[in-house]
Amino acid sequence: MVRGNSENGIDRRSFLKSSAGVAAAAAIAGCSGGPGGSGGDGEDGGQQFVTIGTGGTGGVYFPLGGGMADILNNNMENVEATAESTGASVENCRLVANGEMTMALALGNAVLLAVNGEGDFDEALDLKAAFGAYQNSTQVITTKDSGIETIPDMEGKTISVGAPGSGTEVIAKELLNWYDLTYDDIDAQRLSFSETATAIQDGQVDAGFWSVAYPASSIQNLASQRDIAFVQFPDEDLDQITSEYDYYSKGTIPAGTYDGVDEDVNVPGVTNTMIVQSDMSEDLAYNLTKTIFEHLDKLAEVHPAANQFEGTARAAPIELHPGSKKYFDEAGL
């Protein structure tokens, strides 16, 4: 099954088949009874199709998902894996719950809302965590001449809050609300990472939210064209935010991560989660998790965020799938 999403003029659902994020043949995902594929693991001789929900092409989900698909294809017999660009966290929770994706990356706060049937979710979704992946840093980017130094300065400005259905938008709403701002107080634009970078570069947007591991390629590209600046979270505010929301923790973007940013920047961070359906077979969950974690060195060649996987393996906000838990117990993680 392949469905396009052409909102904002971009096909967010294009398939990729390699860690470099090159589009693959879309017909693969519609084979073998649908992409959810929560049954066997292909060891009975039948082909197992595995689809991985990612995010926009300018983020980290996209290349990591492609890298994981490569690892599964190269190391699991009778498994054909693809990764798909999506609207990210909120959409991914629905896609996995509906059986349209085998597994997907999603921000911890979106996952928690999904299983509780809160926020953007009208009903509780039956999901489990395959593993905690890595920490996303909330990077709120503007230009040095925008006049925006902190979130309250956004009032009356044009702000990209993230793609529709993304965990970035969930975070943007939360942080705006924490500072007593709503979409009524700004000109909110729901753009992908790449679109946000282009809009800031062209002067169409004053600032944008990224919830993504650093370095983000779209921010790197923007920093090569414009003098960027981080919207700051004062230490006192960050202490209160991380205290009020269980899933936020303090993160730091090191100096030099992006051109022109010469000091460390403290930001709110949220751990990402690889989600699966609760009724995925224990063997499949075990083998998928085992194969990915035994090849994290290869995945780190795609993006250094993979170096965090072992440390965040059990750091999901929802219950681990029994198959994944079995592997982590055996591996001592």
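Just so you know, these numbers come straight off a predicted model, no measurement behind them.
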Close aromatic pair by centroid cut-off 6.0 Å: Phe328 and Phe293
yes
Pairwise side-chain contact, Lys173 with Asp120, heavy-atom cut-off 4.5 Å (strictly under):
yes
Is there side-chain contact between Glu118 and Leu113, with at least one heavy-atom pair below 4.5 Å?
yes
Is there a side-chain contact (heavy atoms from CB on, under 4.5 Å) between Cys93 and Leu127 once you walk through the steps?
CA-CA 8 Å; Cys93 290; Leu127 301 170; 4.0 Å; yes
Is a side-chain N or O of Thr86 found less than 3.5 angstrom from the main chain of Asn92, in a donor-acceptor match?
no
Verify the distance criterion only: is there a donor paired with an acceptor across the side chains of Asp206 and Ser146 at less than 3.5 Å?
no
Flag side-chain contact, heavy atom, 4.5 Å: Val265 against Tyr214
no
Under 3.5 Å, is there a donor-acceptor pair linking the side chains of Asp126 and Ser278?
yes
If you count heavy atoms of other groups shown closer than 6.0 angstrom to CD of Glu149, is the number above 12?
no
Take Met274 and Met68, measure what side-chain contact (heavy atoms from CB on, under 4.5 Å) needs, and give me the verdict at the end.
CA-CA 11 Å; Met274 179 64 82; Met68 284 186 269; 3.5 Å; yes
Quick one, Ile171 and Leu107 - any side-chain contact, counting heavy atoms below 4.5 Å?
yes
Please round to the nearest 0.5 Å and tell me the distance separating atom OG of Ser324 and atom CG of Asn287.
10.5 Å
Report yes if some heavy atom in the side chain of Ile141 is under 4.5 Å from a heavy atom in the side chain of Leu222; otherwise report no.
yes
If I compare all heavy atoms of Ala106 with all of Ile275, which pair ends up nearest, and what's the gap?
CB-CD1, 4.3 Å
Test side-chain contact (heavy atoms from CB on, under 4.5 Å) applied to Met103 and Ile292, step by step
CA-CA 13 Å; Met103 57 202 300; Ile292 291 169; 4.2 Å; yes
Main-chain N/O of Asn266 paired with Thr252 side-chain donor or acceptor, under 3.5 Å
no
Any chance the side chains of Thr291 and Asn75 put a donor and an acceptor closer than 3.5 Å?
no
We want to know whether Ser281 and Asp283 form a side-chain donor-acceptor pair, criterion being a heavy-atom distance below 3.5 angstrom.
no
Can you check whether Asp184's main-chain N or O pairs, donor with acceptor, with Thr182's side chain at less than 3.5 Å?
yes
With a 3.5 Å distance limit and no angle check, can you tell me whether Tyr258 reaches the backbone of Ala216 through a side-chain donor-acceptor pair?
yes
Given the rule in the side-chain hydrogen bond (donor to acceptor under 3.5 Å, both in side chains) test, do Ser211 and Asn136 qualify, once you have shown the distances and angles that lead to the verdict?
CA-CA 6 Å; Ser211 180; Asn136 261 17; 3.2 Å; yes
Should Ile219 and Phe193 count as side-chain neighbours, where that means a heavy-atom distance under 4.5 Å?
no
Is Gln308 reaching over with its side chain to a backbone N or O of Gln135, donor-acceptor style, under 3.5 angstrom?
yes
Checking the side chain of Thr312 only, and the main-chain atoms of Gly132 only, is there a donor and an acceptor separated by less than 3.5 Å?
yes
Counterpart residues, ring-ring contact (aromatic ring centres under 6.0 Å, His included), relative to Phe230 (two or more places apart)
none
Would you say that Asn221 contacts Gln225 through its side chain, given a criterion of any heavy-atom pair below 4.5 Å between the two side chains?
no
Determine yes or no for a side-chain-to-main-chain donor-acceptor pair under 3.5 angstrom, with Ser218 supplying the side chain and Ser194 the backbone.
no
Between Arg94 and Glu100, is the side-chain contact (heavy atoms from CB on, under 4.5 Å) condition met? List the steps.
CA-CA 8 Å; Arg94 295 192 179 108; Glu100 297 179 61; over 6 Å; no
Got a second to check how far Leu64's CG is from Ile71's CD1, nearest 0.5 Å?
9.5 Å
Would you say the side chains of Asn272 and Tyr61 form a donor-acceptor pair under 3.5 Å?
yes
Going by the angle between their ring planes, with limits at 30° and 60°, are Tyr245 and Tyr247 parallel, tilted or perpendicular?
tilted
With side chains defined as the heavy atoms from C-beta onward, is the minimum distance between Val90 and Phe121 less than 4.5 Å?
yes
Residue pair Met280 / Val276: nearest heavy atoms and the distance that separates them:
CE-CG1, 3.8 Å
Under 3.5 Å, is there a donor on one side chain and an acceptor on the other for Glu195 and Ser192?
yes
Considering residues at least two apart in sequence or located in another chain, which fulfil the salt bridge (charged side-chain N to carboxylate O under 4.0 Å, His left out) criterion with Asp239?
Lys250
